[in-house]
Amino acid sequence: MNLILLGPPGAGKGTQAQVLADKHGLVQLSTGEMLRAAVKAGSEIGKKAEAVMKSGGLVSDEIVIGIIADRIEQPDCAKGFILDGFPRTLKQADALGALLDSKGKSLDAVIEIKVDDTILVSRIETRARETLAAGGTVRADDNAEALKTRLMAYYRETAPLIGYYYANRTLQSVDGLAPINEVSAQIESVLQGVAKA
Ligand code: AMP
């Protein structure tokens with residue numbers, strides 16, 4: 001099963017991707033995590049991505065498409081994957097489609113986690129507070145200024161993907177305002193529908 005989780009920052013994509021990965025043995029592919037690892041490692045990609053990530057902007061399509069193209073080729077992805085945070089632009093969505101076609105793979109579902117815009121800021125602030133309280137390191141882009149840029153990037157660049165995947169009939173929506181386990185249950189029922197189809 002190959003899935004995309006779509007939704008604004010703070011919608012719960014990462015949380016749900018992890019639940020799905022554990023439950024179904026799928027690989028979670030988070031471009032944000034991969035880029036943060038690249039920044040930490042000081043690789044060429046990390047050096048290119050660091051400043052733009054910190055500001056909350058989008059890393060170039062070329063870089064993230066390259067990362068995903070390499071990653072999807074790895075043997076562990078054969079059993080299925082969940083894309084979390086990719087694609088984020090129409091160009092990335094087109095590139096993903098072409099990439100999957102060329103490998104004889106396809107998407108089983110694109111799951112939109114719908115949330116109320118007003119909740120996102122408080123969710124992200126809570127995430128930063130909880131990370132701090134647990135002695136962790138708060139993401140460089142979990143602050144008010146970067147969050148504004150991330151939300152703008154989402155509405156400008158990523159939200160059109162909802163229409164894109166609706167048009168090609170892969171879009172399914174779940175209520176991201178529900179408690180975490182309820183959102184997971186809604187996603188499960190989407191997957192059961194896909195499996196039956
Ligand atoms: P995330 O962990 O998904 O919130 O991603 C953190 C940051 O990484 C984003 O704000 C972007 O700067 C960058 N990023 C992650 N995925 C992508 C992508 N698919 N396209 C462009 N930039 C990305």
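Excluded from the calculations below are hydrogen atoms, water molecules and symmetry mates; all remaining heavy atoms, backbone and side chain alike, are included.
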If you measure from [atom1] on [X] to [atom2] on [Y], what distance do you get to the nearest 0.5 Å?
{"X": "Arg127", "Y": "Glu125", "atom1": "CZ", "atom2": "CD", "answer": "11.5 Å"}
{"X": "Leu107", "Y": "Leu171", "atom1": "CG", "atom2": "CG", "answer": "11.5 Å"}
{"X": "Glu157", "Y": "Arg88", "atom1": "CD", "atom2": "CZ", "answer": "11.0 Å"}
{"X": "Ile68", "Y": "Ile63", "atom1": "CD1", "atom2": "CD1", "answer": "13.0 Å"}
{"X": "Asp101", "Y": "Leu96", "atom1": "CG", "atom2": "CG", "answer": "9.5 Å"}
{"X": "Thr158", "Y": "Leu90", "atom1": "OG1", "atom2": "CG", "answer": "9.0 Å"}

Can you find a heavy atom in the side chain of [X] that is under 4.5 Å from one in the side chain of [Y]?
{"X": "Val39", "Y": "Lys54", "result": "no"}
{"X": "Arg71", "Y": "Asp76", "result": "yes"}
{"X": "Pro87", "Y": "Tyr165", "result": "yes"}
{"X": "Leu58", "Y": "Val64", "result": "no"}
{"X": "Leu29", "Y": "Ile72", "result": "yes"}

Do [X] and [Y] land in one hydrophobic cluster if side-chain heavy atoms of ILVMFWY residues count as linked below 4.5 Å?
{"X": "Leu26", "Y": "Val174", "result": "yes"}
{"X": "Met1", "Y": "Leu100", "result": "no"}
{"X": "Ile82", "Y": "Met34", "result": "no"}
{"X": "Leu3", "Y": "Tyr164", "result": "no"}
{"X": "Phe86", "Y": "Leu6", "result": "yes"}

Subject >> side-chain contact (heavy atoms from CB on, under 4.5 Å) against Ala159, all qualifying residues, sequence neighbours excluded >> reply: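 Residues passing side-chain contact (heavy atoms from CB on, under 4.5 Å) with Ala159: Tyr154, Tyr155.
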Subject >> Ala11: side-chain contact (heavy atoms from CB on, under 4.5 Å) partners, not counting sequence neighbours >> reply: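 Listed in chain order: Pro8, Ile113, Val115.
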Shortest non-hydrogen separation from [X] to [Y] and the atoms involved:
{"X": "Glu112", "Y": "Ser173", "answer": "OE1-OG, 2.7 Å"}
{"X": "Ala153", "Y": "Gly56", "answer": "CB-O, 4.4 Å"}
{"X": "Leu5", "Y": "Ala17", "answer": "CD1-N, 3.5 Å"}
{"X": "Gln28", "Y": "Gly14", "answer": "NE2-O, 3.7 Å"}
{"X": "Thr137", "Y": "Thr131", "answer": "O-CG2, 3.5 Å"}

Original post:
Which of these, Asp84, Val110, Leu161, sits in a side-chain contact (heavy atoms from CB on, under 4.5 Å) with Ile4?
Top reply: Val110
Original post:
Hey, which of Ile124, Leu120, Asp117 is the one that makes side-chain contact (heavy atoms from CB on, under 4.5 Å) with Leu151?
Top reply: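 For Leu151, the side-chain contact (heavy atoms from CB on, under 4.5 Å) check succeeds only for Leu120.
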Original post:
Is Arg123 salt-bridged to Asp142, cutoff N-O under 4.0 Å?
Top reply: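 Judged by the 4.0 Å cut-off on N to carboxylate O distance, Arg123 and Asp142 do not form a salt bridge.
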Would you find more than 12 non-hydrogen atoms of other residues, nucleotides or ligands less than 6.0 Å from [X] atom [atom1]?
{"X": "Lys91", "atom1": "NZ", "answer": "no"}
{"X": "Gln74", "atom1": "CD", "answer": "yes"}
{"X": "Lys23", "atom1": "NZ", "answer": "no"}

Can you check whether [Y]'s main-chain N or O pairs, donor with acceptor, with [X]'s side chain at less than 3.5 Å?
{"X": "Lys103", "Y": "Glu73", "answer": "no"}
{"X": "Asn2", "Y": "Asp108", "answer": "no"}
{"X": "Asn143", "Y": "Ala146", "answer": "yes"}

Name all residues meeting the salt bridge (Lys or Arg N to Asp or Glu O under 4.0 Å) criterion together with [X]; count only those two or more places apart in sequence or in a different chain, and write none if there are none.
{"X": "Asp61", "result": "none"}
{"X": "Asp141", "result": "Arg139, Arg150"}
{"X": "Arg129", "result": "none"}

Original post:
How far apart are the C-alpha atoms of Ile45 and Val59, what are their side-chain angles, what is the distance that settles it, and do they pass the side-chain contact (heavy atoms from CB on, under 4.5 Å) test?
Top reply: CA-CA 10 Å; Ile45 285 179; Val59 174; over 6 Å; no
With a cut-off of 3.5 Å and sequence neighbours excluded, list every side-chain donor-acceptor pair involving residues 180-188.
{"residue": "Ser184", "atom": "OG", "partner": "Gln16", "partner atom": "OE1", "Å": "2.8"}
{"residue": "Ser184", "atom": "OG", "partner": "Ile180", "partner atom": "O", "Å": "3.1"}
{"residue": "Gln186", "atom": "OE1", "partner": "Asp175", "partner atom": "N", "Å": "2.8"}
{"residue": "Glu188", "atom": "OE1", "partner": "His24", "partner atom": "NE2", "Å": "3.1"}
{"residue": "Glu188", "atom": "OE2", "partner": "His24", "partner atom": "NE2", "Å": "2.8"}

